[in-house]
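Chain letters run A, B, ... following the sequence lines, proteins first, then strands; residues in each count from 1.
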Amino acid sequence: MNFTKEIINWYSIHKRNLPWRTSKNPYFIWLSEIILQQTQVKQGLPYYDAFVKQFPTVFDLANASEETVLKLWQGLGYYSRARNLHAAARYIVFELKGEFPDNYKDLIQLKGVGDYTASAIASIAFDEATAVVDGNVYRLLSRYFGIETPINSTKGIKEFKQLASVLLDKDKPGNYNQAVMEFGALQCRPKNPNCNGCRLKESCVALQKNCVDNLPVKLRKTKVSTKYFNYLVCLDTKKRTVFEKRTGKGIWRNLYQFPLIETEKSLSIDEFALLNLNDTFLKDMPFDYTLYNEVDKVHKLSHQHLHTKFWIIEVKDSLNNATPLHKLKKYPTPVLITDFINEFNFEVL
DNA sequence: AACCCGGGGGA
DNA sequence: TCCCCAGGGTT
């Protein structure tokens with residue numbers, strides 16, 4: 001049983017028609033790989049189409065503003081991907097004079113491009129024999145070969161990369177790399193893998209040992225922290241509000257939001273009244289306030305649960321540095337804020 | 001080595 | 001609920 005040939009044969013029959021598979025243009029391959037990091041094909045597909053349409057070449061992407069790129073990325077998550085994508089496009093256009101890096105060593109120098117993505121682009125666009133190891137490959141190899149080394153340990157990362165390199169089809173590395181990932185995604189799924197209909201079932205170690213569900217082994221479950229967010233949604237006499245760009249190194253960097261006050265616990269209306277809002281941009285401003293949502297809106301991220309209250313601040317004056325309400329949807333915002341804006345429906349005010 | 005970074009979907 | 005997803009960057 002030749003693992004590599006079986007995977008390639010399976011792929012020739014079952015491969016999906018995906019837009020980035022119709023071209024070897026490295027820009028399109030790169031774009032698809034960044035979008036698909038930690039993102040399922042179904043979720044990333046509409047974003048890929050939108051990016052190709054709005055930025056047909058790396059020059060178009062480089063000449064756009066970061067805010068425009070973030071706006072198009074809005075809702076997809078892991079926004080550093082969009083910031084790095086944009087920075088790398090500018091680097092390619094303005095430093096490399098538009099000549100796209102054409103090998104693993106140069107590709108991995110790009111912001112947001114690590115071992116996986118450099119291998120994917122190098123093999124698919126440039127036929128370089130570098131093996132990809134993504135979540136699909138970890139799962140498939142750990143099961144088929146019965147490897148119990150944790151996939152997120154230093155030892156595991158090296159071990160699986162080495163094995164993947166041995167299995168790689170050096171003649172058509174791009175085709176094989178896509179095949180092995182596709183096999184993991186469609187056949188050797190995380191839950192309910194299709195072992196009965198699998199052409200590798202006779203030689204699959206995990207299936208023979210009846211431990212398919214226990215592989216791959218992964219260490220360290222991320223602990224989830226809870227945070228309490230209070231957003232100050234101001235409405236002044238000119239139908240404007242305060243909208244700010246997030247700074248710093250935390251989540252949602254360079255996306256926009258209402259002024260945020262983080263607290264140790266969920267605030268009652270009385271407790272909110274004790275906050276000294278005169279220390280903020282509301283200094284010397286007359287205002288009334290109401291609580292928009294009695295029950296905390298809980299926004300769940302992979303590592304944080306955000307318990308959120310939206311406070312509606314009716315300011316009886318004209319705010320400084322305020323944003324007209326009808327312009328809010330022009331800015332890139334996290335889903336938590338996007339949902340609020342849509343639900344609150346400022347436009348009827 | 002450990003932690004941070006989003007959001008959606010499946011079971 | 002918990003886990004996973006065509007991972008990468010920082011400390």
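Minimum atom distance to the side chain of I251(A) is reached by dC5(B), of the listed dG7(B), dC5(B), dG10(B). Of the candidates dG6(B), dC4(C), dA11(B), the closest approach to any side-chain atom of P190(A) belongs to dC4(C). Here the side chain of K191(A) is nearest to one of dA11(B), dG6(B), dA6(C), namely dA11(B). In the set dG6(B), dA6(C), dC4(C), dA6(C) carries the atom at the smallest distance from any side-chain atom of E182(A). With dC4(C), dA6(C), dG7(B) as the candidates, the nucleotide lying closest to the side chain of R21(A) is dA6(C). Proximity note for V335(A) (side chain, C-beta onward) versus dG6(B), dG9(C), dG8(B): the nearest is dG8(B).
At the heavy-atom level, K155(A) lies nowhere under 4.0 Å from the strands shown. Residue-level contact check: V132(A) touches neither bases nor backbone, having no heavy atom under 4.0 Å from any strand. Residue contacts shown for R189(A) are absent, as no nucleic acid heavy atom lies under 4.0 Å away. Within 4.0 Å (heavy atoms only), T117(A) reaches sugar-phosphate atoms of the nucleic acid but no base atom. Within the 4.0 angstrom heavy-atom criterion, base atoms lie near L76(A). Using a 4.0 Å heavy-atom cutoff across all strands shown, W20(A) reaches at least one base atom of the nucleic acid. Contacts of N177(A) with the nucleic acid, taken as non-hydrogen atoms under 4.0 Å apart, are absent. Among the protein residues, G44(A) comes within range of no part of the nucleic acid, since none of its heavy atoms lies under 4.0 Å from any strand. Nucleic acid contact for S302(A): base, since at least one base atom lies under 4.0 Å from a heavy atom of the residue. Heavy atoms of Q304(A) sit under 4.0 angstrom from primed sugar atoms or phosphate atoms, though from no base atom. No engagement by G184(A) is indicated, since no non-hydrogen atom pair under 4.0 Å with the nucleic acid exists.
For the pair Q37(A) CD and dG8(B) P, the computed distance is 18 Å after rounding to whole Å. For the pair K249(A) NZ and dG9(C) C1', the computed distance is 11 Å after rounding to whole Å. If you take CD1 of I121(A) and C1' of dG8(C), they are 13 Å apart, rounded to a whole angstrom. As rounded to whole Å, 10 Å separates atom P of dG7(B) from atom CD of Q43(A). Atom-to-atom, CZ of R16(A) to C1' of dA6(C) comes out at 9 Å; the value is rounded to the nearest Å. Here dT10(C) presents its P atom at 15 Å from OH of Y78(A), a figure rounded to the nearest Å. If you take CG of L36(A) and C1' of dG8(C), they are 15 Å apart, rounded to a whole angstrom. Distance CG (D213(A)) to P (dC4(C)): 11 Å, rounded to an integer number of Å.
Look at W252(A) and you'll find a side-chain N or O under 4.0 angstrom from OP1 or OP2 of dG7(B). Residue Q38(A) places at least one side-chain N or O closer than 4.0 Å to OP1 or OP2 of dG7(C). Contact annotation: H299(A) side-chain N/O to dG7(B) OP1/OP2 distance is under 4.0 Å. Within the structure, a side-chain polar atom (N or O) of H303(A) is placed less than 4.0 Å from OP1 or OP2 of dC5(B).
D60(A) and F55(A) get closest at one heavy-atom pair: O-CD2, 3.6 Å. Minimum heavy-atom separation, G112(A) to I34(A): O-CD1, 3.6 Å. Between Y256(A) and E67(A), the shortest heavy-atom distance links the atoms OH-OE1, 2.8 Å.
Aromatic ring centres of W10(A) and F183(A) lie closer together than 6.0 Å. Remark: aromatic rings of F258(A) and F340(A) are close, center separation under 6.0 Å. Checked against the 6.0 Å centroid criterion, the rings of Y104(A) and F126(A) do not qualify as a close aromatic pair. Aromatic ring centroids of W311(A) and Y292(A) lie 6.0 Å or more apart.
dC3(B) and dA6(C): their P atoms are spaced 25 Å apart (whole Å). Taking the C1' atom of each, dG8(B) and dG9(C) are spaced 23 Å apart, rounded to whole Å. Between the P atoms of dG8(C) and dG9(B), the separation comes to 24 Å (whole Å).
Base-pairing analysis of DNA chain B finds the following stems of at least three consecutive Watson-Crick or G-U pairs, with both pairing distances under 3.5 Å: B:1-5 with C:7-11, B:7-11 with C:1-5.
Of the two residues near DNA chain C, D134(A) and K111(A), the one whose nearest nucleotide lies more 5' is D134(A). The residue among S153(A) and P334(A) whose nearest nucleotide of DNA chain B lies closer to the 5′ end is S153(A). Map L219(A) and G77(A) each onto its nearest nucleotide of DNA chain B; the residue landing nearer the 5' end is L219(A). Closest-nucleotide positions on DNA chain C for I108(A) and E33(A) were compared, and the one nearer the 5' end corresponds to E33(A).
Taking the side chain as every heavy atom from C-beta outward, I92(A) and P101(A) approach each other to under 4.5 Å.
Salt bridge E182(A)/R16(A): present, at least one basic N to carboxylate O contact under 4.0 Å. Salt bridge K105(A)/E128(A): absent, no basic N to carboxylate O contact under 4.0 Å.
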